[in-house]
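Quick caveat: nothing in here was measured; it's all calculated off a predicted structure. All ligand and atom numbering here is 1-based and tracks the order in the structure.
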Amino acid sequence: MTAPDETLDVALRSWVDDAQAPGADFPIQNLPFGVFRHDYEERPRVGIAIGTHVLDCLAAVRAGMFDALSPPVRDALQSWSLNALMALGRDDARAVRRVASRLLRDDTDDGRSAHAMRDVLLVRMDRVGMLVPAEIGDYTDFYASVFHATNVGALFRPDQPLLPNYKYVPIGYHGRASSVVASGAPVRRPHGQRRPDPNAPPVFGPSAGLDYELEVAVWVCGESTIGETVPIARAADRMFGLSLLNDWSARDVQSWEYQPLGPFLAKNFLTTVSPWVVTIDALAPFRAPAFERPAGDPAPLPYLNDAADQAHGGFDITLEVWLSSTAMREQGMAPVRLSSGNLRTMYWTFAQMLAHHASGGCNLRPGDLLGSGTVSGPEKSSRGCLLELTTRGAEPLTLPTGETRAFLADGDEVILKGWCARDGAARIGFGDCRGIVRAAQ
Ligand code: MN
């Protein structure tokens, strides 16, 4: 293990007052990276979240605040996406984090200098637009919750819910990078081919089974070439940070199209990510053992089995889904929580997913995005999509207005939240990952 990291000290305070607010997602111990746009300028800029504000990295470099960093790192901070910083890798991102922490502390000379330049360096979050933080070359979505896989399998294949490969192979599919959007972008209900009557031909029209999927995604850093693998013991070096991800899914389209090659149009119309990338360094206090496989389950094959990964390859992240309907908002009602789970319950770790992804020689590039798959735990209250919560629509949910939901209705807003908390560490959060369903075109 490495030496204690001073940026994680629970006693640190920022001169940005609301960074210390109870329940704040972005205290000085978090410092996630993102890409934002000022309301007066087209050019995107790299930023670091602090309280309800953004540290403008371009402005900070120009002001000499990052002079302690090497020229390539300073160049990356003046870029218009995180790809350049992701290309440099974990160590350089950690160096930025150390300098930013000192700049934002209330008890350092650097902090006092930065505080004096607050109007140049900081911008309020509600005055900027957040963008997808990296240009995503490739997006892959896994299926790492055994509870989700079992629940969904039981709905689609009651005789054989969990296929025999599940406990050996981290199952995934290649998703669509071009339709990954940042939190807040509208969610247009997709059209698709489906077969509501199994004894009649399929029809084409707006999906009647629109669903969300509660997921966490890892942003890849560093570059590997075609033919090169990533040994499981090195996989953590290729993980830059995590964001929340909503893999919007049209269940009626999915159930008709998925065999034999897996999801296609049912999932490629839109995927929403939370715009702040919480670094693996910020998550260090919240590492957890890999999922404890029940007696009788096979051990991971050697290329997916690493002692350090088994000991702390998991993440203790509480994950929640909230929903508000148009009627709820009109009546002034707060969103209602639909479920609460934890990333710890995933059968596969991100390191296993990443090592597996590269194990056949597929290159992984900075800015690639790997989704975890729907995060569902063993309890019904932790099921991470409506397909599971409503048993494919057979047991609709009732909202506080008395409205019912088998699947999402037009006007519904889905909000994913994620946060980490434990004694001896500062609570950190991911910010929202939200989207409102709009009527089909
Ligand atoms: Mn998914």
Side-chain angles (χ1 to χ4, degrees), residues 132 136 138-156 161-163 165-166 169-181 183 187 190 192 207 209-220 242-259 261-274 315 317 319-321 338-339 341-343 345-350 352-354 356-357 368-377 382-390 392 407-408 414-416 418 430 433-435 437:
V132 175
I136 302 168
D138 277 293
Y139 157 54
T140 302
D141 198 27
F142 283 89
Y143 197 53
S145 163
V146 69
F147 303 106
H148 173 69
T150 304
N151 291 337
V152 171
L155 295 170
F156 284 81
L162 202 63
L163 294 171
N165 58 3
Y166 188 84
V169 187
I171 300 290
Y173 66 95
H174 284 116
R176 182 78 187 172
S178 66
S179 52
V180 178
V181 297
S183 177
V187 183
S207 169
L210 185 58
D211 199 356
Y212 59 82
E213 288 190 343
L214 167 66
E215 303 196 18
V216 174
V218 62
W219 296 92
V220 172
L242 307 182
S243 289
L244 306 177
L245 183 144
N246 187 338
D247 177 24
W248 304 95
S249 299
R251 300 304 184 188
D252 45 358
V253 178
Q254 184 181 355
S255 62
W256 174 234
E257 75 171 6
Y258 89 105
Q259 287 179 319
L261 287 184
F264 184 30
L265 304 192
K267 287 169 177 283
N268 72 1
F269 58 94
L270 204 76
T271 305
T272 304
V273 289
S274 58
F315 292 91
I317 303 173
L319 296 163
E320 298 176 337
V321 181
L338 300 187
S339 70
N342 194 296
L343 195 66
T345 61
M346 301 306 265
Y347 197 81
W348 298 102
T349 66
F350 275 124
Q352 288 173 318
M353 292 183 239
L354 199 147
H356 178 67
H357 202 311
D368 282 357
L369 187 67
L370 310 185
S372 62
T374 305
V375 182
S376 292
S382 63
R383 295 179 177 177
C385 61
L386 286 176
L387 177 69
E388 290 172 80
L389 279 175
T390 70
R392 206 178 183 175
F407 290 102
L408 295 171
V414 177
I415 307 155
L416 310 184
F430 284 76
C433 180
R434 60 173 72 218
V437 177

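Cation-pi contact between R176 and F269: absent, since separation from the ring centre below 6.0 Å together with deviation from the ring axis within 45° is not met.
Classified by interplanar angle (parallel below 30°, tilted 30° to 60°, perpendicular above 60°), the ring pair Y347/Y166 is tilted.
Between Y212 and T272 the shortest side-chain heavy-atom distance does not fall below 4.5 Å.
Within the model, atoms OG of S183 and CG of L416 stand 8.5 Å from one another, a figure rounded to the nearest 0.5 Å. To the nearest 0.5 Å, atoms CD1 (I136) and CH2 (W219) are separated by 4.0 Å.
With a cut-off of 2.8 Å, the protein N/O/S atoms near the Mn ion (ligand 1) add up to 4.
When each of D368, D138, T140 is paired with H357, the side chain to side chain donor-acceptor pair (under 3.5 Å) condition holds for T140 and for no other.
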